[in-house]
Protein chains: 2
Amino acid sequence: MTGRSYGQFCGLSRAMESVGERWALLIVRDLLVRPKRFTDLRRGLPRIPTNILSARLKELELAGVVHRTVLPRPAASVVYELTPYGRALEDVVLRLGLWGAMAMGAPEPGEIATIDSVTMALRSTFRPEAAAGLSVSYEFRLGDIVLSAVIDDGTLNVLPGPLPGADLVVEAGHELRALMAGEVTPAEAVEKGMVTLTGDPAGLDRLVEVFHIPPIPST
Amino acid sequence: MTGRSYGQFCGLSRAMESVGERWALLIVRDLLVRPKRFTDLRRGLPRIPTNILSARLKELELAGVVHRTVLPRPAASVVYELTPYGRALEDVVLRLGLWGAMAMGAPEPGEIATIDSVTMALRSTFRPEAAAGLSVSYEFRLGDIVLSAVIDDGTLNVLPGPLPGADLVVEAGHELRALMAGEVTPAEAVEKGMVTLTGDPAGLDRLVEVFHIPPIPST
DNA sequence: CTGGATCCCTCACGATACTG
DNA sequence: CAGTATCGTGAGGGATCCAG
């Protein structure tokens with residue numbers, strides 16, 4: 001454990017000692033999407049120094065959150081994946097991400113989105129109850145990130161890359177978040193050119209119901 | 001923000017920049033129990049340096065998580081409380097605490113429990129569905145910490161101090177966690193003297209159903 | 001007494017370079 | 001590809017001091 005102990009016999013303290021170090025939960029976030037190699041993690045976290053990534057992976061392995069597998073054949077390569085215990089963090093990561101998304105304005109200069117961060121963002125804003133009985137698919141183009149969401153009766157599947165035959169193709173930047181947060185209406189967004197649609201524009205109304213960021217509570 | 005940005009336009013990154021610094025979520029945990037003064041927070045977090053507590057409170061205030069109120073009368077005193085946005089972290093704190101509690105063994109030397117940490121631990125392990133239609137009260141004595149839980153049809157109220165007339169008084173140390181985690185049965189615990197009961201011992205069986213720490217998932 | 005501010009020291013973090 | 005080595009900086013830790 002790198003940081004010293006908090007000195008408390010308490011679940012939260014122990015959790016913070018496992019995954020509370022800088023970068024740790026972002027690594028978990030990316031591994032929740034799928035297992036990855038060292039270099040994949042680097043690509044998803046461009047600002048992390050390699051020694052820090054290395055250190056975090058070791059700590060997470062020691063804490064039983066990550067499992068390191070050495071694939072012997074073709075090329076000697078290493079794969080990091082979450083253990084079942086690590087996967088049990090999904091709910092926390094999703095909820096914490098949604099909490100942060102509530103207060104998120106425009107991107108700061110230099111801030112990027114990654115395919116994994118958007119994947120988890122879509123998962124965290126997804127409302128199964130709003131998607132019950134619904135069968136629809138979207139392709140998202142956010143800058144150079146392209147990914148797709150397939151919704152089928154309360155379940156969500158987020159896939160990397162385009163989706164030929166998607167019901168609606170949505171091209172946007174951070175305006176997509178403002179839409180999901182209800183800060184702008186779909187009509188406004190289309191009218192002002194904040195998003196570009198290919199397909200039935202009415203699909204955007206449904207999108208903001210299915211993917212929703214709640215407002216900051218006032219009480 | 002003390003730590004540098006993660007450089008990602010992502011809810012989780014933003015959340016980590018708000019409450020991801022060392023000690024921050026423990027401060028939030030204690031404030032979730034009730035508003036507190038600087039010195040109360042110090043008492044609940046004995047290992048936190050005062051400059052760090054000071055810095056965290058400022059950062060949390062800036063992030064809209066904590067509100068600082070100066071009470072003018074009697075003595076000039078300052079009260080810190082969560083904003084509604086900060087209170088929206090309750091769910092995350094509870095779940096993260098429960099996640100950490102799954103893998104928690106015995107206390108490390110020097111580790112303490114505080115009344116607030118136990119309060120939140122009880123809240124995080126509470127299963128409303130197991131308490132439906134139930135009306136029962138417990139007094140817990142854990143070392144020098146005494147607190148009580150009043151359960152009434154799916155709702156839980158945790159109070160500091162003893163509870164005269166409680167249905168069951170439970171005196172234990174960290175064995176209480178092992179009980180809630182199902183690592184020992186109530187019968188074992190009583191037999192081996194791990195807990196001391198005052199009241200109907202059958203109440204302990206109900207306790208471990210109502211307050212439950214799930215096992216570490218194996219898949 | 002509360003609510004901090006200040007000082008100093010250390011180590012974790014971050015940037016860069018380099019290697020099996 | 002998957003890290004390790006090196007090194008500078010600044011946040012965290014601990015003790016002390018100070019104002020209301």
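On a predicted model such as this, the values are computed, not experimentally measured, just so you know. So that the names make sense, note that chain A is the first sequence line, chain B the second, and so on, each numbered from 1.
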Undergrad: Grab the CZ-P distance between B:R22 and D:dG12 for me, whole Å please.
TA: 9 Å
Undergrad: Taking donor-acceptor contacts at under 3.5 Å, does the side chain of B:N51 reach the base of D:dG14?
TA: yes
Undergrad: Report the distance from atom CG of A:L41 to atom P of D:dC1, rounded to the nearest whole Å.
TA: 13 Å
Undergrad: A:S13 versus B:E111: any side-chain heavy-atom pair under 4.5 Å?
TA: no
Undergrad: When the ring planes of A:F211 and A:F126 are compared, do they come out parallel, tilted or perpendicular, using 30° and 60° as the limits?
TA: tilted
Undergrad: May I ask you to test the A:E61-A:R68 pair for a side-chain heavy-atom distance under 4.5 Å?
TA: yes
Undergrad: Would you kindly give the CD-to-P distance between B:E21 and D:dG10, to the nearest whole Å?
TA: 15 Å
Undergrad: On DNA chain D, nearest-nucleotide positions of A:S54 versus B:P49: which is more 5'?
TA: A:S54
Undergrad: Among A:V169, A:L159, A:V150, find the one that has a side chain to side chain contact (heavy atoms under 4.5 Å, CB included) with A:E139.
TA: A:V169
Undergrad: Measure CG/A:L53 against P/D:dG3 and give the value in whole Å, please.
TA: 8 Å
Undergrad: Are A:M120 and A:R29 side-chain neighbours, meaning at least one heavy-atom pair lies under 4.5 Å?
TA: yes
Undergrad: Does D:dA2 have OP1 or OP2 sitting under 4.0 Å from an N or O in the side chain of A:K58?
TA: no
Undergrad: Round to a whole Å and report the spacing from CH2 of A:W23 to P of C:dC13.
TA: 12 Å
Undergrad: Should B:Y80 be listed as having a side-chain N or O under 4.0 Å from OP1 or OP2 of C:dG4?
TA: yes
Undergrad: Measure from the side chain of A:T39, starting at C-beta and using heavy atoms only, and say which of D:dC1, C:dG14, C:dG4 lies closest.
TA: D:dC1
Undergrad: Tell me whether the side-chain N or O atoms of A:T50 pair up with the base of D:dA2 as donor and acceptor below 3.5 Å, since no angle test is needed here.
TA: no
Undergrad: Let me know the distance between CZ of B:R68 and P of C:dT2, rounded to the nearest Å.
TA: 16 Å
Undergrad: How many whole angstroms separate atom CD1 of A:I48 from atom P of D:dT4?
TA: 14 Å
Undergrad: In whole angstrom, what separates A:R42's CZ from D:dT4's P?
TA: 13 Å
